[in-house]
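One structure below.
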Amino acid sequence: MAGPFRLQRRTEPSARTGIGLGGRQLSALSLALLGSALALGGCGGPDPEQQPVNLSQGVPLGAVLAMSGNANVYGQDQNTGLNLALAEVNGKGGINGKPLALKIEDSGSDEPGANAAFTLQINRGVLALIGPTLSQQAFSADPIAQRRRVPVVAPSNTATGIPEIGHFISRVSAQSSVIAPLSIAKALQLNPGIRRAAVFYAQDDAYSSAETTIFQQALTAKGLKPVTVQRTQLNDQDFQTQITAALQQKPDLVVLSLQAVDGGNMIRQLRELGYKGAIVVGNGMNTPNIYPICQKYCDGILIAQAYSPELKSPANRAFLRRFQASQGGAIPPQLTAQAWTALQVLAEALQRLDRRQPLQQSNLAEARQALMAEILSGTYQTPLGEIRFTPEGEVIQKDFFVAQVRMDPGGKSGRFALLP
Amino acid sequence: MDAGLLQQMLIGALLGLSVSLPLRCGQLSLATPGFFAIGGTVAALLSTRIPAFAGTGATSPLPALLLEMGLGGLLAGLLAWAIGGTVLRLRGIYLAIATIALVEILRVITLNLPFTGGALGIFGIPQPFATASGYAGFTLVLLALVCWLCARLEQLRLGRAMAAIRDDELAAACVGIDTAAVKLNAFVLSALLAGVTGALAAHFLNSWNAKVGSFDASITTLAFVVFGGSRTWLGPVIGGLVLTALPELLRPVGDLRLIVFGLVILLGPVLFPQGLITPQALHGLGHGLLGFGQQLRGYGHQLLERASGPRRP
């Protein structure tokens with residue numbers, strides 16, 4: 001037998017008896033393993049949660065973002081938003097004179113990574129956490145924060161059921177069931193003749209399959225039961241099979257729940273294969289990163305947004321000023337605005353809490369508990385518009401927007417133009 | 001170290017052992033994550049749907065966990081037994097490809113079944129232990145048990161037959177070893193272990209979805225064995241522990257951590273082509289520990305003698 005399955009060459013003749021370890025040797029080894037692990041696991045000392053909040057480096061907050069793995073583009077956008085918001089808060093005197101100290105940790109794009117990063121941040125003694133990036137990660141990591149009674153503000157989880165994980169879990173990202181139907185309504189308003197809708201989604205992607213359910217319900221509610229539902233995979237590049245099958249049904253509206261890369265490719269191929277009707281896309285394509293992918297074909301697609309760069313409010317102007325100064329005049333994506341909002345919510349809640357009950361006088365567990373109550377009770381003027389929370393921690397956002405992509409004549413860049 | 005990380009490491013070690021079992025008879029099976037996913041799905045479904053398993057919804061009873069681990073392991077083992085006869089006719093790289101396909105098939109089935117939650121998966125899985133230390137303690141006992149069984153296997157007829165097939169399948173068949181049955185046993189044992197581990201991991205991770213059993217996971221678990229060494233029971237354990245812990249322990253390095261981690265994976269096989277733990281190293285380590293124990297006992301005797309010395313007439 002030869003081949004790659006023989007990972008090791010046979011080097012010594014003692015294979016005759018197998019690798020003989022006597023019972024005593026083995027038990028000695030097992031004991032050593034057990035002992036070392038127990039020593040590693042059990043650390044004594046006073047309970048840090050009953051100690052005063054450690055303000056020596058500033059007011060401690062933590063963020064857990066997907067800076068690596070396949071969701072890293074989202075994590076990078078969020079990282080930008082958090083750092084800009086941190087500069088804004090600390091530039092205005094921090095938490096009543098004490099600076100905010102924000103530690104950002106990478107969760108990767110999987111659940112074990114998010115769990116480890118959450119635990120690390122909580123053990124560091126942070127007052128609250130921002131994150132994680134993906135809803136799937138939230139279902140895994142949020143219960144840890146809930147059990148340890150640490151407030152979490154999620155900047156980008158849109159799946160149903162996130163705030164329901166527990167009292168300490170809240171989010172500033174409106175769930176897809178609120179936003180998605182708006183773009184369908186707008187498409188019908190712009191073109192009342194639409195009769196046949198085709199739906200596409202990536203069936204191995206959590207965001208995609210959650211959002212498509214919402215889209216399909218919204219379509220059915222408008223009397224437009226989808227004539228075809230096509231499934232793709234997150235890493236697909238070529239959609240000819242699905243598009244051909246869909247176009248045979250002669251749709252006049254296409255609804256996509258796809259991420260930026262596969263969605264961009266899908267739009268391009270739809271147009272190239274001759275589809276002329278309206279296209280509505282979901283939150284996954286709510287980023288300027290789609291422009292280089294579908295280029296001139298992006299023009300005209302409809303999207304419902306939780307953030308519009310064109311919103312004229314003092315909070316959005318402050319955000320835009322900082323963003324454009326640091327990014328050379330670019331248009332900020334929604335994820336960056338939502339991350340900024342998450343930190344702003346925590347900073348304002350901390351300021352109110354500190355005025356009422358100075359942070360240095362309470363222990364960590366009390367401060368976390370009080371901060372959660374404070375987060376939920378406030379109303380915030382943010383780049384997203386005015387927001388507040390339900391008692392469960394679900395965001396109540398005043399303004400949503402439907403935008404239409406307008407590409408420049410060259411087809412290289414464009415903008416989300418706000419529709420009235 | 002945090003108990004949560006320790007628990008991740010222990011799960012890594014168990015998965016490493018699962019991959020190493022077929023390797024002991026020279027079969028490169030990458031199916032471990034598929035069976036891991038089956039065990040986890042069984043546990044996730046039972047503990048979120050069946051009231052007796054769910055407990056209060058937040059905490060679940062320990063016997064329920066044990067039963068889930070048993071059922072998860074059993075289902076994975078049964079599947080391995082059912083398909084093993086056919087799949088194990090393939091050898092080397094072809095077996096590897098077939099097992100990758102198996103993992104992929106299981107993933108797609110999980111995505112499409114009406115009751116496994118699609119891509120979002122199953123969440124809100126109740127907790128049999130209140131803290132990560134509880135999980136780690138329980139898993140440590142499980143790992144010690146599995147290590148002991150794997151070490152014992154080397155002295156058993158099955159283990160020796162496996163070693164014989166690994167070294168030369170034709171010669172093993174000539175001396176009367178039923179090679180097909182031995183390989184099937186190893187494959188089923190591997191699946192059983194992965195299934196049991198999956199049931200435990202589902203509770204620990206709070207949620208479970210189809211991404212758990214992916215091609216990436218196949219490669220990661222194989223890396224545990226290549227890094228640690230496949231010839232001894234300790235190799236995959238060390239590989240699983242170290243490679244799971246490293247990305248977390250490297251956090252102080254900042255943005256470079258994944259680069260350093262990649263370098264370690266690259267340099268491991270270059271510097272230790274047989275893995276960190278070779279049979280000789282394990283033998284030496286065993287003797288070393290035993291010697292250390294005897295030395296301690298010697299010191300103890302000396303101390304006792306000295307303490308009782310003056311009273312002697």
Side-chain angles (χ1 to χ4, degrees), chain A residues 1-12 14-15 17-22 24-26 28-30 32-34 37-38 40-43 67-68 105-106 108 110-113 115-116 119-120 123 135-136 139-144 147 159 161 165 202-210, chain B residues 1-6 8 23 26-28 91-93 95-96 111-112 118-121 123-124 132-133 136 140 144 147-148 151 154-155 159-160 163 166-169 205-207 209-211 225-226 229-232 234 248 251 258 273-275 279-280 282-283 285-287 289-290 293:
Chain A
M1 288 209 341
F5 48 88
R6 276 179 118 187
L7 291 176
Q8 295 174 0
R9 271 174 298 132
R10 190 175 149 189
T11 52
E12 37 75 54
S14 75
T17 56
I19 309 313
L21 256 195
R24 286 165 71 193
Q25 280 165 295
L26 182 67
L29 254 177
S30 307
L33 194 77
L34 205 84
L38 282 181
L40 285 170
C43 298
M67 309 279 282
S68 61
E105 286 293 341
D106 175 24
D110 58 359
E111 287 84 70
N115 289 5
T119 311
L120 175 72
N123 289 346
S135 294
Q136 269 178 335
F139 283 123
S140 188
D142 283 352
I144 297 175
R147 285 198 283 276
I165 291 171
Q203 72 162 147
D204 58 340
D205 182 41
Y207 142 75
S208 206
S209 48
Chain B
M1 188 190 296
D2 174 64
L5 178 57
L6 179 65
Q8 296 276 9
L23 269 177
Q27 309 300 307
L28 176 58
R91 290 179 184 189
I93 196 75
L95 175 62
L111 279 174
N112 285 289
L120 204 53
F123 42 88
S133 323
L140 207 59
C147 283
W148 179 74
E154 280 158 8
Q155 272 107 51
R160 296 193 182 189
R166 175 186 60 201
D167 285 342
D168 193 330
E169 187 169 352
L205 286 177
N206 304 311
S207 72
N209 57 58
K211 266 196 314 185
V225 183
V226 174
S230 68
R231 280 273 169 140
T232 65
L234 189 59
E248 292 306 316
R251 278 194 188 271
L258 292 179
Q274 304 206 5
Q280 296 93 320
L282 179 59
H283 211 70
L285 186 63
H287 275 299
L289 276 178
L290 202 64

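Throughout, protein chains are lettered first and strands after them, A, B, ... in sequence-line order, and every chain is numbered starting at 1.
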Inset, instruction - For each of A/Ala210, A/Pro112, A/Ser135, tally heavy-atom pairs with chain B at distances under 4.5 Å, and name the one with the top tally. - result: A/Pro112
Legend entry - A/Asp142 CG to B/Ser207 OG distance, which is reported to the nearest 0.5 Å: 10.0 Å
Inset, instruction - Taking all heavy atoms of A/Phe139 and all of B/Asn206, pick out the closest pair and write down the distance. - result: O-CB, 3.8 Å
Inset, instruction - Against chain B, label A/Ser140 side chain, backbone, both or neither, depending on which of its atoms sit under 4.5 Å from a heavy atom there. - result: both
Inset, instruction - Would you mind checking which part of A/Leu120 comes under 4.5 Å of any heavy atom in chain B, side chain (CB onward), backbone (N, CA, C, O), both or neither? - result: side chain
Inset, instruction - Would you check if there is a donor-acceptor pair between the side chains of A/Asn115 and B/Gln8 at a distance under 3.5 Å? - result: no
Legend entry - For chain A, the option from B/Leu5, B/Leu95, B/Asn112 that forms the most heavy-atom pairs under 4.5 Å: B/Asn112
Inset, instruction - Specify the closest pair of heavy atoms between A/Ala206 and B/Ala119, including all atoms of both residues, with the distance to one decimal. - result: N-CB, 3.5 Å
Legend entry - chain B contact via A/Asp106 - side chain, backbone, both or neither, heavy atoms under 4.5 Å: both
